[in-house]
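In this text, all values refer to a predicted model and were calculated from it rather than measured experimentally. Counting starts at 1 for both ligands and their atoms, following the listed order.
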Amino acid sequence: MFSNKEDFKQAFSERLQTDLGKKVESASEVDAYRALGSLVKDEMNRNWLKTARQYEESKEKQVYYFSMEFLIGRLLGNNLLNMQLLSLVKEGLEELGFSLTELEEEENDAGLGNGGLGRLAACFLDSLASLGYAGHGYGIRYKYGMFDQRIIDGYQVELPDRWLAREFVWEVRRPDEAVEVRFGGEVDMVRTKAGRLECHHDHYEQVRAIPYDVPVVGYGNDTVNTLRLWSAEATDHDTLVKASKDDDFNNFLEHKRSLEEISEFLYPDDSHEDGKRLRLKQEYFLVSAGVQSAVRNFERLNLPLASFPEHAALHINDTHPALVIPELMRILMDDHGLGWEEAWEITQASVSYTNHTTLSEALETWPVGLVRSLLPRIYMIIDEINERFCQSLWEKHPGDFDRIASLAIVADGFVKMAHLSIVGSHSINGVAKLHTDILKKREMKIFYDTFPERFNNKTNGITHRRWLLHSNEPLSKLITDSIGDQWIQEPERLEDLMQFKSDRSFLKELNGIKQQKKEELADFIKGYAGIQIDPASIFDVQIKRLHGYKRQLLNALHIMHLYNQLKTDRRYKMTPRTFIFGAKAAPSYHFAKKVIKLIHTVADVVNNDPAVNNQMKVVFLPNYSVSLAEKIIPATNISEQISTASKEASGTGNMKFMMNGALTLGTMDGANVEIHELVGDDHIYTFGLSSDEVLEYYKNGHYSSRQVYEQDDRVRHTLDQLIHYSPFSKGETEFQDIYDNLITFNDEYFVLKDFASYIDTQARIGKDYKDVNLWNKKSLINIARSGKFSSDRTIQEYASDIWKIQPTGILK
Ligand code: 73E
């Protein structure tokens, strides 16, 4: 449609006129954003159709990535980047008096996820399309995404995220692809005259799943895949029956609402499950709609059902969509008349599962009574899978009741979704080497002993297109100017930057870019949070969900300790620091909310004390999101990755920071271990207990936080300030719960145990930062070694080891 700037300007002006009735001169930023969005979407449409046709004609295997979360963020800039139209459009708009950056800010940030798990799904879609793989996302079109976080008086307050209030320009409603999903009712197995068992399901409630498709454009190729987000609507059939029966309009509305609430909001809990009925409904809604749609796509190929696994891979992002397994069984048996064995073979060969966490509170288990009443047919199938699985264990290990009890899918009145996922799939992967080792050696050991060939590791990754090319243009330009642009297609080529590690003028340029990004962030923070920060100070950043195991508390206690040092020792000098936080707490997570309050209290004391505030500042940026991360990460010097070793399965923020030249201050946890392996001791700051030590303490119960408190003056003094009169407590009991958590309840996450080594390591960082050239060398080595963490590498591994697919998209 437009191949040069002049064509673009004309098309854009016409679009403003035809869609919005506006002239360029009188169009607002929102108008311009909408016109541009609609223009770009048209541009993508041709290739979208072409890609779909190509997949159908080639009958190539399609990957369906089932996830309850897709944290896609804003799409305008990224779509332009991937279509290689960014500079053309930017310049064209400038000539018409608009700034592309400002137009990008008009887009609502689609927050259909909590954190790492949802963002990973979004990065994977970008890599799948960019590498030309036929891979699509299936998710839910939540009316309200991740809540809008406000801070009032230092406390978190949650407001609904009305991201759809303004039209979402990228989606296309596809009623022609709608399917029905059934809940409740009664199931009877009836024997036919021919002797077959037939399933009769009656008195169920039916909801219509309507897909909204979002195009996913590959970088520099013509592949356009699909993210299909399902929305729940009351079916005509159901509402009519209901209305005529009750003859009561209020009941009718009530009923309609109860069906539509399925896709109303995202559960705002990261790494936690609370077993709510509506959540189970959401999970089955996604699964049933998605599997029906995948089977329907397969039917269009007119091939025998037995070949389904050669044409479709169903991947489940953690156990949340684990019902894919019994749902596919149901469709194959009840709708297509297959026998159990045949259906089971197809199901297992099609499904693969990623585990993202070993935290016990995140493991999904559903009460049998709930599953049975909400999904009677699905429960029957789960029960049968369990029976057959236990039977096969009995044959291999007769009399070993303990083994069977610990592996069973249904036990003690609960359905264990992780067990169902392992038994029903051909591949189970962890998300970093350490995490996969912990799964194999500890958490899933007996399963690993039973099915060793199914377990494998796929270390996470991030798309370098969004997280470097788009969010850090000056750095990308420096890289391309120095090593050429091949790294964009092959990120491992970033390694070529190693030749500059002792090149002072190159390192100076690198420093200049970091400085520029820090100044931009300082300006942004002035406007966003009203706090003036010093761009010459170390930007020390912790942005992630607030959780006990992620230990934002350790960071906050360290700041209190530094404050005390500055106040008590007039000669104490520190390298100036700005501590930046961004974090949402789950609304019902009391402890996490207290930590947010503590961070604000510390910020208030530090920032308003003239005796210290020229050496340190503390900033909490409310409503942390993908678009905030894009502004913060390029400006960071220190990336805080300080989880209790063994608890963070991988982390992906750690990779984004590394790729943008920040140095990691981290425990030997998750993918930090692999960062350490790549850069070596001198280019990362590690501290604290190892995962083996932590796990050993959990086993032997020998840890005593009170002992640490009694033996270390710094710990005691800082903790006492939480409950005794101090600038932080002001004599109130606000932080008693935090104190109790650390002392009375023995500090589950070893904050006090790691405190001393954290303080020492932070002091070392302060010293090292002063040697500008050496610091920039460390920074460069991090960038150069970060190529491994491109999600392109991760997706290539999934493609060859798990999904067995080749690129078949439209490659230029
Ligand atoms: O370590 C991260 C990991 O990098 C892990 O905590 C996170 O997944 C990331 C991507 O692999 C994660 N989120 C959840 N479980 N693990 C989760 C659990 C329940 C609800 C929502 C998210």
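Partners of W366 by side-chain hydrogen bond (donor to acceptor under 3.5 Å, both in side chains), not counting sequence neighbours: none found.
The protein residues lying under 4.0 angstrom from ligand 1, judged by non-hydrogen atoms, are E69, G116, L117, L120, D269, D270, S271, H272, E273, H320, H356, T357, V431, N460, Y549, E648, A649, S650, G651.
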Could you please spell out the steps behind the salt bridge (charged side-chain N to carboxylate O under 4.0 Å, His left out) verdict for K593 and E158?
CA-CA 11 Å; K593 289 182 144 180; E158 304 92 28; 2.8 Å; yes
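For residues 658-674, the pairs satisfying salt bridge (Lys or Arg N to Asp or Glu O under 4.0 Å) are E674-K788, with sequence neighbours left out.
A salt bridge does not link R551 to E640: none of the charged nitrogens lies less than 4.0 Å from a carboxylate oxygen.
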Side-chain atoms of residues 278-287: list all donor-acceptor pairs with protein atoms under 3.5 Å, sequence neighbours left out, distances to 0.1 Å.
from : atom 1 : to   : atom 2 : distance (Å)
R279 : NE     : E283 : OE2    : 3.0
R279 : NH2    : E273 : OE2    : 3.4
Q282 : NE2    : I262 : O      : 3.1
Q282 : NE2    : F265 : O      : 2.8
Y284 : OH     : E327 : OE1    : 2.6

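Interatomic distance, CG of N672 versus CG of L434, reported as 9.5 Å (0.5 Å rounding).
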